[in-house]
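Structure, as structure tokens:
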Amino acid sequence: MPDALTKRLVDAFRWIDPGPESTHLVSDMSGWWRDPEILDGLGPALADLFRTDRPTVVIAPEVTGYLVGPLVATALGAGFVPGLKEGADRQIAEPVTWARTEPDYRGRTLALGVRSRHITPADRVLVVDDWVSTGAQVGALYQVIRALGATVVGCAAVVADCPPEIQTRLAIRSLLTSDTLDPHP
């Protein structure tokens, strides 16, 4: 990744203190979406992490994954499939393949899924997200991909904040770590 993009990502990021009731700082990535140079460079930089694996489809979980995923898909010349979260206020009138996560960084379990018709056994799927803390959502999306007979190539993230053994097990490659975004809560 170009040093200029790294610097812009770090400079546009903020840790927010939500007040005395909170036990930790909250990450604010909104500056990334405001900066046109970050938007221009982010897709190609994340795509380059897995370009040689030749993904045919990118899946990214809602909500901010819907910003990053299409940027990466465009840079790869691949398709984009949204990763749905159960319980959103919408009805999907076609088959969806779901998997439940392990507990995430808040201790929640979620169901993630994709419209089944959008993933085929011929696909090589790259999962993309802005921030990976526990790998729970990545793991659930891998279950969905495999249940549909496709091949998982890995996960490209802007920030990986999970232990190295999880990064290795889930083939997570990132542009930054949370330590890069000092001060770490």
Side-chain angles (χ1 to χ4, degrees), residues 1-13 27 29 31-84 97 99 112-115 117-181:
M1 173 175 65
D3 290 338
L5 181 58
T6 300
K7 182 174 178 4
R8 290 188 89 85
L9 286 166
V10 171
D11 289 348
F13 177 85
S27 60
M29 299 160 282
W32 295 348
W33 319 131
R34 173 62 180 90
D35 185 324
E37 290 186 40
I38 290 175
L39 290 175
D40 186 51
L42 199 53
L46 287 166
D48 285 347
L49 297 174
F50 285 91
R51 189 173 303 280
T52 60
D53 295 286
R54 302 175 329 278
T56 59
V57 175
V58 170
I59 294 178
E62 55 182 304
V63 172
T64 52
Y66 287 12
L67 295 169
V68 180
L71 295 174
V72 177
T74 299
L76 289 168
F80 173 72
V81 175
L84 307 168
T97 301
L112 277 86
V114 300
R115 286 180 166 93
R117 69 183 169 96
H118 290 304
I119 302 296
T120 71
D123 282 318
R124 298 178 52 75
V125 184
L126 176 63
V127 173
V128 172
D129 209 350
D130 58 346
W131 195 292
V132 179
S133 291
T134 64
Q137 291 186 42
V138 173
L141 288 172
Y142 283 11
Q143 289 176 50
V144 169
I145 294 162
R146 290 179 178 128
L148 293 168
T151 300
V152 172
V153 296
C155 174
V158 180
V159 179
D161 189 26
C162 51
E165 60 272 11
I166 292 174
Q167 288 183 45
T168 299
R169 179 172 53 85
L170 295 175
I172 298 169
R173 300 175 193 160
S174 67
L175 301 178
L176 304 171
T177 66
S178 59
D179 293 335
T180 312
L181 302 169

**Message:** Less than 4.5 Å apart, side chain to side chain, heavy atoms only: is that true for Ser133 and Asp161?
**Reply:** yes

**Fill in**
For Trp131 and Ser178, the nearest pair of non-hydrogen atoms, with its separation, is CZ2-CB, 4.1 Å

**N/O donor-acceptor pair under 3.5 Å between Asp53 side chain and Pro55 backbone** = no

**Item:** Heavy-atom side-chain contact between Ile172 and Cys162 under 4.5 Å
**Value:** yes

**Request:** Without swapping roles, check the side chain of Arg54 against the backbone of Arg124 for a donor-acceptor pair under 3.5 Å.
**Result:** no

**Val10 vs Leu181, side-chain contact (heavy atoms from CB on, under 4.5 Å): CA-CA, chis, key distance, verdict** = CA-CA 6 Å; Val10 171; Leu181 302 169; 4.0 Å; yes

**Request:** Identify the two heavy atoms, one from Gly65 and one from Ala60, that lie closest to each other, and give their separation to 0.1 Å.
**Result:** O-CB, 3.1 Å

**Item:** Test applied, side chain to side chain contact (heavy atoms under 4.5 Å, CB included); reference residue, Val144; option that passes from Thr97, Val127, Ile119
**Value:** Thr97

**Item:** Donor-acceptor pair, side chain of Asp123 and main chain of Thr120, under 3.5 angstrom
**Value:** yes

**Asked** For the residue pair Phe80 and Tyr66, does the interplanar ring angle fall in the parallel (under 30°), tilted (30 to 60°) or perpendicular (over 60°) class?
**Response** perpendicular

**Request:** Nearest 0.5 Å please: distance from the CG atom of Asp130 over to the CG atom of Leu176.
**Result:** 11.5 Å

**Request:** Take Val132 and Cys155 through the test side-chain contact (heavy atoms from CB on, under 4.5 Å) and record every step on the way to the result.
**Result:** CA-CA 9 Å; Val132 179; Cys155 174; 4.2 Å; yes

**Asked** Is any side-chain heavy atom of Leu42 closer than 4.5 Å to a side-chain heavy atom of Trp33?
**Response** yes

**Item:** Between CG on residue Leu141 and CZ on residue Arg146, distance to nearest 0.5 Å
**Value:** 11.0 Å

**Prompt:** Quick one: are Val152 and Val125 in side-chain contact, heavy atoms under 4.5 Å?
**Reply:** no

**Complete:** Note: Val153 and Ala171 closest approach over all heavy atoms is O-CB, 4.5 Å

**Item:** Sub-4.5 Å side-chain heavy-atom contact between Leu9 and Thr6
**Value:** no

**Request:** Please report the C-alpha distance between Val57 and Leu126 in whole Å, then the side-chain angles of each, then the deciding distance to 0.1 Å, and finally whether the side-chain contact (heavy atoms from CB on, under 4.5 Å) criterion is met.
**Result:** CA-CA 6 Å; Val57 175; Leu126 176 63; over 6 Å; no

**Asked** Can you name the nearest heavy-atom pair linking Pro61 to Asp129, along with the distance?
**Response** CG-OD2, 3.4 Å

**Asked** If we only count heavy atoms from C-beta on, is the Leu46 to Leu71 side-chain gap below 4.5 Å?
**Response** no

**Prompt:** Would you call Arg8 and Asp11 a salt bridge, taking side-chain N to carboxylate O under 4.0 Å as the test?
**Reply:** no

**Complete:** All heavy atoms of Val114 vs all of Gly83, minimum pair found to be CG1-CA, 4.2 Å

**Prompt:** Side chains of Ile38 and Leu5: closer than 4.5 Å at any heavy-atom pair?
**Reply:** yes

**Complete:** On a heavy-atom basis, the closest approach of Pro44 and Arg51 is O-NH2, 4.0 Å

